[in-house]
Number of protein chains: 2
Amino acid sequence: MNKDLEMMSNRCATCNETYCVSKISLFSHLDREDMETVIRKIHRQSYQKGEFLFQAGDAAERLWIVNEGSIKVFTYTPEGKEQILYLLSSGDFLGDLNLFKKNAYPYYAAALEPTRLCTLTRENFQEILREVPDISEKVLTYAYDRITNLEELVQTVTSKNIGKRIAKLLIHFLEHFGLERNGVLEITFPVSREDMANYLGLTRETVSRQLSQFQSEGIIDMKGNRQILIRNRKALEDHTL
Amino acid sequence: MNKDLEMMSNRCATCNETYCVSKISLFSHLDREDMETVIRKIHRQSYQKGEFLFQAGDAAERLWIVNEGSIKVFTYTPEGKEQILYLLSSGDFLGDLNLFKKNAYPYYAAALEPTRLCTLTRENFQEILREVPDISEKVLTYAYDRITNLEELVQTVTSKNIGKRIAKLLIHFLEHFGLERNGVLEITFPVSREDMANYLGLTRETVSRQLSQFQSEGIIDMKGNRQILIRNRKALEDHTL
DNA sequence: TGGTCGCTGTGATTGGAATCACGTTATCAT
DNA sequence: ATGATAACGTGATTCCAATCACAGCGACCA
């Protein structure tokens, strides 16, 4: 498989696009020929921290695939506060279902850090669906996962237990951004405290206080603003129950 | 079209199944032949108020279509409180995406009133998908709608503004259960105050108080426990902004 | 039709997150 | 390295929904 990948001809100037395509599960199961079909249709784009991929109201006409970096998808409440709906990182994608209906995005998307994306236009995506029919089944599977995640998010944000909500978010980050260094679990956050608050429907201060609480319980250890060491994963998971 | 429907042979003992099939939009666009294919595969079931369609953990192996009545889909919080995720009424369906993965329901479903349902087994549904391929595109469209609704629900429940959340729920009920009588909009609720609270992540008392508030503002008029007259729809909609 | 039981409305109290305020710390550009 | 600037932590206070308690009403059954 790796050999096949290495034999491919069309490589990207800024990244190795074979990696870009093969790491997103929507396409990762494809054989060499199908994958090349996909690769030839892909466009690449880079965004700096804070830059917008699109705004609410923009016409939805491409599939966005996060290659490297991370993205927040959000709306604004009438009071002007952000409500984050999705936090996407490497391998996640966005805008798939919007391609089936001609419509406008109902939310904003912005890069949380320097981010590289692969994109497919509606036309190219639909060509791929025709040429590789079992991808549409994959899309359905992902729609199902997304629904499941949203159902869980509803249960999380309606929970009155703040500690639980934040513990769940930490576990989520651990799974997406965590790595083990010298036997210690370490998370490097793509988001600020305020972003966390905006995802959970809380305030910055409440998040800070709960993290301090976890620290005083010996569960975590904050190193600067963007790093947390998990000292006691079990205890953290117990908080999510 | 109606003539076609009337010519159909297989009718249900307890209901007119042609109606059952033609009123759900998943199948309503089918021609006579395809619709008959579907009708022959459908089973029918009735549930009394409070009866469970399934419990969390049960194997998901059928598509449920609400013919008449209404259904709540919910989980329990660790504290034992219900969290309602979906309120379904005539024409809505449930369990579609679960049929693509062999898995268990992650929640409970129960009838809110005497309810009649049409069901399809996984095998029959998959036969239909093979025989009428454009239904799978419809399923995707509905998955998209469901995601949109859940995204809105997240924004609703994270809103600190209780009045807004309840106003949105009333508008939702108005669209699903409302009818105009003598020029007055009237909602007959399928749910108790407590159910409303469990859907919005609030308490019964808070819902009661907000409804009283709307009544004192002249926006609504409560008639018994299960009926509300909408006196000023515009004002109610303004509350949702 | 009356009686019962569950559902509902509302007051009093409590609790906990939002808000306000400000000092401290991290981060980034130069 | 250093200063500027944004992000963060934390105390004091406020506000509002949860909780507790109970009376009134409604739905439903005998």
Side-chain angles (χ1 to χ4, degrees), chain A residues 48-50 72 77-84 110-114 156-167 169-170 187-217 220-229, chain B residues 48-50 72 77-83 112-114 156-167 169-170 187-217 220-228:
Chain A
Q48 299 180 1
K49 179 175 173 174
K72 66 175 170 185
T77 67
E79 298 83 34
K81 213 177 137 184
E82 266 181 39
Q83 171 62 51
I84 295 179
L112 289 164
E113 56 190 317
T156 302
V157 296
T158 54
S159 157
K160 300 289 170 227
N161 188 329
I162 265 59
K164 187 201 293 190
R165 284 152 80 171
I166 294 181
L169 187 59
L170 288 180
I187 306 172
T188 301
F189 287 86
V191 297
S192 66
R193 296 281 186 281
E194 187 144 25
D195 285 329
M196 288 190 223
N198 290 339
Y199 183 65
L200 297 173
L202 301 172
T203 60
R204 179 182 67 77
E205 294 92 328
T206 302
V207 172
S208 270
R209 275 188 258 265
Q210 183 61 53
L211 289 177
S212 299
Q213 174 68 24
F214 282 155
Q215 183 158 32
S216 76
E217 290 176 18
I220 63 171
D221 216 340
M222 294 189 264
K223 292 280 174 239
N225 292 338
R226 297 281 180 142
Q227 274 200 328
I228 283 184
L229 308 182
Chain B
Q48 299 180 4
K49 179 175 174 173
K72 68 176 170 184
T77 67
E79 297 83 36
K81 212 177 139 185
E82 263 182 42
Q83 172 61 51
L112 288 164
E113 55 191 318
T156 302
V157 296
T158 55
S159 158
K160 300 290 170 224
N161 189 328
I162 266 61
K164 185 200 298 190
R165 284 151 81 170
I166 294 179
L169 187 60
L170 288 181
I187 306 172
T188 301
F189 286 85
V191 297
S192 66
R193 296 282 185 278
E194 187 144 24
D195 285 328
M196 289 190 223
N198 290 340
Y199 183 66
L200 297 173
L202 301 172
T203 60
R204 180 183 67 74
E205 294 93 329
T206 301
V207 172
S208 272
R209 275 187 257 267
Q210 183 62 51
L211 289 176
S212 300
Q213 173 68 22
F214 283 154
Q215 183 157 30
S216 75
E217 290 175 19
I220 63 170
D221 217 342
M222 294 188 264
K223 293 276 172 244
N225 291 339
R226 297 279 179 145
Q227 274 201 328
I228 283 185

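Please read these numbers as outputs of a predicted model, since none were measured by experiment. Protein chains get the first letters and strands the later ones, always in sequence-line order, with residue 1 at the start of each.
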* D221(A) side chain to Q215(A) side chain, donor-acceptor N/O pair below 3.5 angstrom -> yes
* Asked: Heavy atoms, side chains only, cut-off 4.5 Å: are L211(A) and M222(A) in contact?
  -> yes
* To do: Take atom NZ of K160(B) and atom P of dC15(D), then tell me their distance rounded to the nearest Å.
  => 17 Å
* Check: K81(B) side chain, G201(B) main-chain N or O, donor-acceptor pair, under 3.5 Å -> no
* To do: Please work out if M196(B) contacts a base, only the sugar-phosphate, or nothing of the nucleic acid, heavy-atom cut-off 4.0 Å.
  => nothing
* Can you find a donor-acceptor N/O pair under 3.5 angstrom joining the side chain of R209(A) to the base of dT19(C)? -> yes
* Any S212(A) side-chain N or O less than 4.0 Å from OP1/OP2 of dG9(D) -> no
* F189(A) backbone acceptor or donor facing Q227(A) side chain under 3.5 Å -> no
* Would you mind reading off the distance between Q210(A) atom CD and dT10(D) atom P, rounded to a whole angstrom? => 12 Å
* Given dT10(C), dG9(D), dT8(C), the nucleotide with the shortest approach to the side chain of S192(B) -> dT8(C)
* Asked: Looking at G163(A) and F214(A), what are the two nearest heavy atoms and their distance?
  -> O-CZ, 3.6 Å
* Spacing of E113(A) atom CD relative to dC28(C) atom P, expressed in whole Å -> 12 Å
* To do: Measure the distance from CD on E205(A) to P on dT19(C) and round it to the nearest whole Å.
  => 8 Å
* Any T203(B) side-chain nitrogen or oxygen under 4.0 Å from OP1 or OP2 of dA18(D) -> yes
* Nearest-Å distance, CG (N198(B)) to P (dC7(C))? -> 12 Å
* Asked: Between K223(A) and N225(B), which has a closest nucleotide on DNA chain C that is more 5'?
  -> N225(B)
* Between dA17(D), dT27(C), dA17(C), which nucleotide has the shortest distance from any of its atoms to the side chain of R226(A)? -> dT27(C)
* Side chain of L202(B) only, please: which of dA18(D), dA17(C), dT27(C) is the nearest? => dA18(D)
* Structure fact -> To the nearest angstrom, the CG-C1' distance between D195(B) and dC7(C) comes to 11 Å
* Please report, rounded to the nearest Å, how far the C1' atom of dT8(C) is from the CZ atom of F189(B). => 14 Å
* To do: Determine the contact category for L211(B): base if any of its heavy atoms lies under 4.0 Å from a base atom, sugar-phosphate if only primed atoms, P, OP1 or OP2 are that close, otherwise nothing.
  => nothing
* Side chain of R204(B), base of dG9(C): donor and acceptor closer than 3.5 Å? -> yes
* To do: Look at all strands and tell whether S208(B) reaches a base, only sugar-phosphate, or nothing, counting heavy atoms closer than 4.0 Å.
  => base
* Less than 3.5 Å between a donor and an acceptor, one on the side chain of E194(A) and one on the base of dC8(D), is that the case here? -> no
* To do: Measure from the side chain of I162(B), starting at C-beta and using heavy atoms only, and say which of dA17(C), dA21(C), dA17(D) lies closest.
  => dA17(D)
* Check for a donor-acceptor pair, side chain of R165(A) on one end and backbone N or O of S159(A) on the other, with a separation under 3.5 Å. => yes
* What's the CD-P distance between Q213(B) and dC16(D), to the nearest Å? -> 12 Å
